[in-house]
> 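Encoded as structure tokens, here's the structure I'll be asking about.
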Amino acid sequence: MILLDQLDAGLEQLNAKSLRRRRRTADSACAPRVTVDGNPMLAFCSNDYLGLAAHPNIIAALQQGASLYGVGSGASHLISGHSRAHAILEERLADFMAPHLESARALYFCTGYMANLAVLSGLAAIAANEAEIFSESLNHASLIDGAKLSRARVQVYPHADLIALQAMLEASTAATKIVVTDSVFSMDGELAPIPAILALCEKYHAWLVIDDAHGFGALGEHGRGVLEHFHLRSANLVYMGTLGKAAGVGGAFVAAHASVIDWLVQKARPYIYTTAAPPALAHALLTSLDIIGGAEGHARRVHLQQLIAQLRGDLRLQRWKLMPSDTAIQPIIIGDNAESMRAAASLYEQGIWVPAIRPPTVADGTARLRITLSAAHTHDDVACLLDAVNQLELN
Ligand SMILES: *Cc1c(COP(=O)(O)O)cnc(C)c1O
């Protein structure tokens, strides 16, 4: 029993530090009004920023996709699992992102986690031992893991510190330089200074890999994400967008110059050695893209911005601190792990579901409530949340 005793002791330690994680089970579709473990709740937790996760047209498209293509893809993309649905989706994604990339092509992945592993390990593989990755300190775990998998030399630059990044690039003699950053920091909601980072990458002939998990669909006039938000276009860009957040379905894509994409198809193990996602998902994503890029998507983004303004305008905090974010991610920093857990538990008892985020997901001493808004929320929903939070902090 020695092995199990070790695990039980480890779990006990997590308990003692208020770091033990527990899952809640949702009984209904992802939406502001959900049933969780049998209780009706008002939820502010999902990354379904446009409220598309249960959109009737996308549900219908998924059903149609299953009729057309069946359920499983049956194999990896390079064997026989690459279906017409995947091919059409990749063409649509490339067209969608074309204003921002030279000779754009796109590659669809099962998850964003895998896409990030693939991009970093794949790009580094061109230069064997001569690649160097410059990674922003608040990057998502999948980028950190991708950098490790690449076996390239990795330097972490301090959050948003472009002077430090420039010094690192200046000093580097690596044949392949790769700068990688989240566009919207997932636990802060803040945007990275992408235009200035891109300028540095162009100056030092470095790739800029952007993880736009929280930007794609939500930012930009047409939902093309952070590149559209900042009106950027460059041949140095490798763009990763996820399709399980604002797009409401699942999977992710990398968009970049055709040569980058072809190289990933040849070399990126997280792309090659896995069964292709069900083609019906790719088919459903065509409808999701239509919505994102059309009038409905625009209206949803406008409504989301109004909800963000309402939240920031009407929150009255004394001790806790709202982070400076203009995106749908609106964290309230509480600091202490146990106090954050109590706050989340108290909201939960009132029927409001907001997750508490603790280390190691965020830095020690910065435990927080991570509120996420969705275009599916109403102004009344947000008012209800604000009343509860304003009350809670006074007690
Ligand atoms: C969610 C997320 C990912 C992973 O995407 P999945 O499709 O959920 O695997 C990658 N990067 C960031 C910043 C994310 O928030």
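Both counts, for ligands and for their atoms, begin at 1 and track the order of listing.
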> Any atoms of ligand 1 less than 4.0 Å from a non-hydrogen atom of Thr111? List them with their elements.
7 (O), 9 (O)
> What I'd like to find out is whether the side chain of Leu107 reaches to under 4.5 Å of the side chain of Glu90, using heavy atoms alone.
yes
> May I ask you to identify the nearest protein heavy atom to atom 14 (C) of ligand 1, giving residue, atom name and distance to one decimal place in Å?
Lys245 NZ, 2.7 Å
> Taking 4.0 angstrom as the limit and counting only heavy atoms of Ala213, give me the atoms of ligand 1 inside it, by number and element.
2 (C), 11 (N), 12 (C), 13 (C), 14 (C), 15 (O)
> Hey, are Arg233 and Glu102 close enough for a salt bridge, meaning a charged N less than 4.0 Å from a carboxylate O?
yes
> Measure from the side-chain N and O atoms of Thr35 to the backbone N and O of Asp27, and report whether any donor-acceptor pair falls under 3.5 Å.
no
> Using 30° and 60° as the class limits, which term best fits the ring planes of His303 and His379: parallel, tilted or perpendicular?
perpendicular
> Could you see which bit of Asn116 sits under 4.0 Å from ligand 1, with heavy atoms only: side chain, backbone, both or neither?
side chain
> When you measure from atom 13 (C) of ligand 1 to every protein heavy atom, which one gives the shortest distance, and what is it?
Asp211 OD2, 3.3 Å
> Using a 4.0 Å cutoff against the non-hydrogen atoms of Ser142, which atoms of ligand 1 qualify?
10 (C), 11 (N)
> To check your reading of the model: name the closest protein heavy atom to atom 9 (O) of ligand 1, its residue, and the distance in Å.
Tyr113 N, 2.9 Å
> Among pairs that include at least one residue of residues 279-297, which meet salt bridge (charged side-chain N to carboxylate O under 4.0 Å, His left out), considering only residues two or more places apart or in two chains?
Arg92-Asp290, Glu296-Arg300
> Please confirm whether the backbone N or O of Ala124 pairs with a side-chain atom of Thr176, one donor and one acceptor, at under 3.5 Å?
no
> Could you check Val209, Ile210, Leu169 and say which one makes a side chain to side chain contact (heavy atoms under 4.5 Å, CB included) with Val179?
Leu169
> Return the residue, atom name and 0.1 Å-rounded distance of the protein heavy atom closest to atom 6 (P) of ligand 1.
Gly112 N, 3.3 Å
> Enumerate the atoms of ligand 1 whose separation from the nearest heavy atom of Asp182 is less than 4.0 angstrom.
13 (C)
